[in-house]
Amino acid sequence: MSKMVLVDAYLNLANPEAQERANDILRDALLNERSPEKRLKLVMLIVQRAQVPEHEEALGSLGAGPLEDMMSDWLLDRLQDYLPFSESLRYALSMVRMEFEPEALQQRLNAMLAVR
């Protein structure tokens, strides 16, 4: 499955079967991808195609899954390039549970989310 077909299937909420299959493929691709840069690139392909509110469920899954798993200073360094965040990226990041992260990381993400 090409990356763009995967992205479109992941965002296709009208077809739950296609979305579930895409979610499984995405999860496997992210788990098997050793390069954090490539994992982030795949996540950002989805974020850039997504629209709020239509794709909130898919974006929430990205936030609570891959973005939460990658949460680190490294990720926030890379996300600097996307400031100010699009509505889609802002929504996905708002789904990341930060209460278990160091206070400095929480503050840094909050400051980035405040940039408009």
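For this chain, numbers begin at 1 and follow the sequence in order. The structure presented is a predicted model; accordingly, all values stated were derived computationally and were not measured.
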If we only count heavy atoms from C-beta on, is the [X] to [Y] side-chain gap below 4.5 Å?
X: M98; Y: N110; answer: no
X: Q106; Y: M71; answer: no
X: Y82; Y: Q48; answer: yes
X: L11; Y: V7; answer: yes

* **Sequence neighbours excluded, every pair satisfying salt bridge (Lys or Arg N to Asp or Glu O under 4.0 Å) that has a member inside residues 98-114** =>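 Only D73-R108, D77-R108 qualify under salt bridge (Lys or Arg N to Asp or Glu O under 4.0 Å).
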* **Single-linkage hydrophobic cluster F100~L113, side-chain heavy atoms < 4.5 angstrom** => no
* Asked: Transitively linked via ILVMFWY side-chain contacts under 4.5 Å: M4 with V43?
  ->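 Yes, it is one cluster - the side chains of M4 and V43 are joined through contacts under 4.5 Å.
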When rounded to the nearest 0.5 angstrom, what distance separates [atom1] in [X] from [atom2] in [Y]?
X: K41; Y: M44; atom1: NZ; atom2: CE; answer: 12.0 Å
X: R78; Y: E37; atom1: CZ; atom2: CD; answer: 4.5 Å
X: L93; Y: L79; atom1: CG; atom2: CG; answer: 6.0 Å
X: L26; Y: R21; atom1: CG; atom2: CZ; answer: 12.5 Å
X: L89; Y: M112; atom1: CG; atom2: CE; answer: 8.5 Å
X: M70; Y: L76; atom1: CE; atom2: CG; answer: 11.0 Å

Which atoms form the tightest heavy-atom contact between [X] and [Y], and what is the distance?
X: R116; Y: P84; answer: C-CB, 3.8 Å
X: P66; Y: S61; answer: CD-O, 3.6 Å
X: A50; Y: L59; answer: CB-CD2, 3.6 Å
X: L67; Y: A92; answer: CD1-CB, 3.8 Å

* May I ask you to decide if D28's main-chain N or O and N32's side chain share a donor-acceptor pair within less than 3.5 Å? => yes
* Asked: Taking the side chain from E68 and the backbone from R97, do they hold a donor-acceptor pair closer than 3.5 Å?
  ->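 Present.
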